[in-house]
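Reviewing the structure listed below.
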Amino acid sequence: MADRPVLFVTRRLPIAVEARAARDYDAKLNSDDRQYDADALIASSEGAKAILTCSTERFSGEVINRLPDSVKAIATYSVGYEHIDVNAATARGITVTNTPDVLTDATADIALLCLLGAARRQHESTAMLRDGKWGRWEAASMLGVHMSGKRLGILGMGRIGRAVAKRARAFDMKIHYSNRSRLSPDLEEGAVYHERPEDMLAQAQFLSINCPSSPETVRFLNAERIALLPDGAIVVNTARGNIVDDAALIAAAKSGKVAGVGLDVYHREPRFDPGYLDLPNAFLLPHIGSATEDTRDAMGFRALDNLDAVFAGKPAPDALN
Ligand code: DGY
C-alpha cells in the first residue's frame, strides 16, 4: 500500500483512532508519546503529507514556514486551534481543520462539574473526609453557594456555551451571556444578551468562560473585570487558561470577592500557577473536558474524516482556512 499518504501523528491517540490512521495512512505514530519541540516537529514532518496534532503542540508561523513542502494538511485533535497559526498555513497552502461538535457535551458536563464543585466546596469537604477530620454532621458546616435561581453569566455562547446553558437551565439558573454577536431567539432560548461583556459580569453570580482564546480574550478576566462581579461569585473556566489573569483570580478567591473557583484549564498548563493549590475554595481538574472514551474516539475519527476529505480532493468539513 505504498500510495497511502504519510501521516505524522504528534501524540499518542486512542487505540481505535490509531488503528484507523494506520489502516488508511502510512501513519507515523508516537507510541511512547514523546514530546516534540519545534525542531523535532519539523524534522518528523519530513515526507509527511499530513499532520495530526493536539493542542499541546504549537505550530507557530515560524514552525509552519519551516515545514516541508510535502505537508498539505494539519488536522488538530481539538476544537481549540489557537496553537496553530492558521494564516501562516493558508499562505503555504496547508489546510487546517479542527474537531467541533463531538466534544460539546463532554466539555459542558465538566463545566457543570466545575460549577457544582466550586459552589459546593468539594475540595474542602473531600479533604476533611480523607484527612479523618469529619466529626459529625453539622448544621452550619461546609455551607456552599446555592445554584438554583441564580444568574449564570456565560462568556462565549458557541456550541459549548449553549450546552452549558442547557444544563444550567435544568438547575433553574437564569442565563445571561455575552458573545461577539447576539444569537437568534431559537438559540438564545430566553437568555439575556449583553453586548458589553462587562455588563454581563455585573449580573454573573456564577460565571462560566466558554469562549475561544484569541487576541481579544487573552487575560479578559483581569482584576478590573473581577471587581464588576457580584460579591461571592463563582468563577469557572473550561475554555483556555490564558483568558484569566491568574494573579487577579487567586487574589479574589483569597479575599472572598470570589467565593469559589472551578478550573479545568490553565495558562501554561501543565505548569500552572501554584497559587491555585493553596486555595481551599478552588476545584481543580487537569484539562479533562473532553476526556471520555466516546468523545476522544469521536475527536480522532472527526480529524481523520477531515484528512480523508482533503486526500479525496473534497472540501474538509471542518476546514479553518
Ligand atoms: C479542545 O478540544 O480544544 C480541548 O480543550 C483539548 O485540547
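Counting convention: from 1, in listed order, for ligands and their atoms alike. Side chains included, hydrogens not; waters and symmetry mates left out as well; all remaining heavy atoms used.
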Report yes or no: do [X] and [Y] form a side-chain donor-acceptor pair below 3.5 Å?
X	Y	result
Ser60	Asp85	no
Arg268	Tyr266	no
Asn210	Tyr177	no

Counting only nitrogen or oxygen atoms and a 3.5 angstrom limit, does [X] reach ligand 1?
X	value
Ser78	no
Thr99	no
Gly80	yes
Val79	yes

For atom 3 (O) of ligand 1, what is the closest protein heavy atom, and at what distance to 0.1 Å?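 Going by distance alone, atom 3 (O) of ligand 1 is nearest to Arg240 NH2, 2.7 Å.
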For atom 6 (C) of ligand 1, what is the nearest protein heavy atom, given as residue, atom name and distance?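 For atom 6 (C) of ligand 1, the nearest protein heavy atom comes out as His287 NE2, 3.6 Å.
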Check each atom of ligand 1 against the heavy atoms of Leu103 and keep those under 4.0 Å away; list them by number with element.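 Listed by number with element, the hits are 2 (O).
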Near Ser55, which atoms of ligand 1 are under 4.0 Å from a heavy atom of that residue?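 Answer, ordered by atom number: 7 (O).
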Would you please classify the geometry between the Tyr36 ring and the Phe8 ring as parallel, tilted or perpendicular, with 30° and 60° separating the classes?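 Rings of Phe8 and Tyr36: perpendicular, over 60°.
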Membership question, hydrophobic clusters at under 4.5 Å side-chain separation (ILVMFWY): are Ile288 and Val265 in the same one?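 No, it is not one cluster - the side chains of Val265 and Ile288 are not joined through contacts under 4.5 Å.
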Check step by step if side chain to side chain contact (heavy atoms under 4.5 Å, CB included) holds for Asp101 and Arg302. CA-CA 10 Å; Asp101 298 323; Arg302 183 99 176 201; 3.0 Å; yes
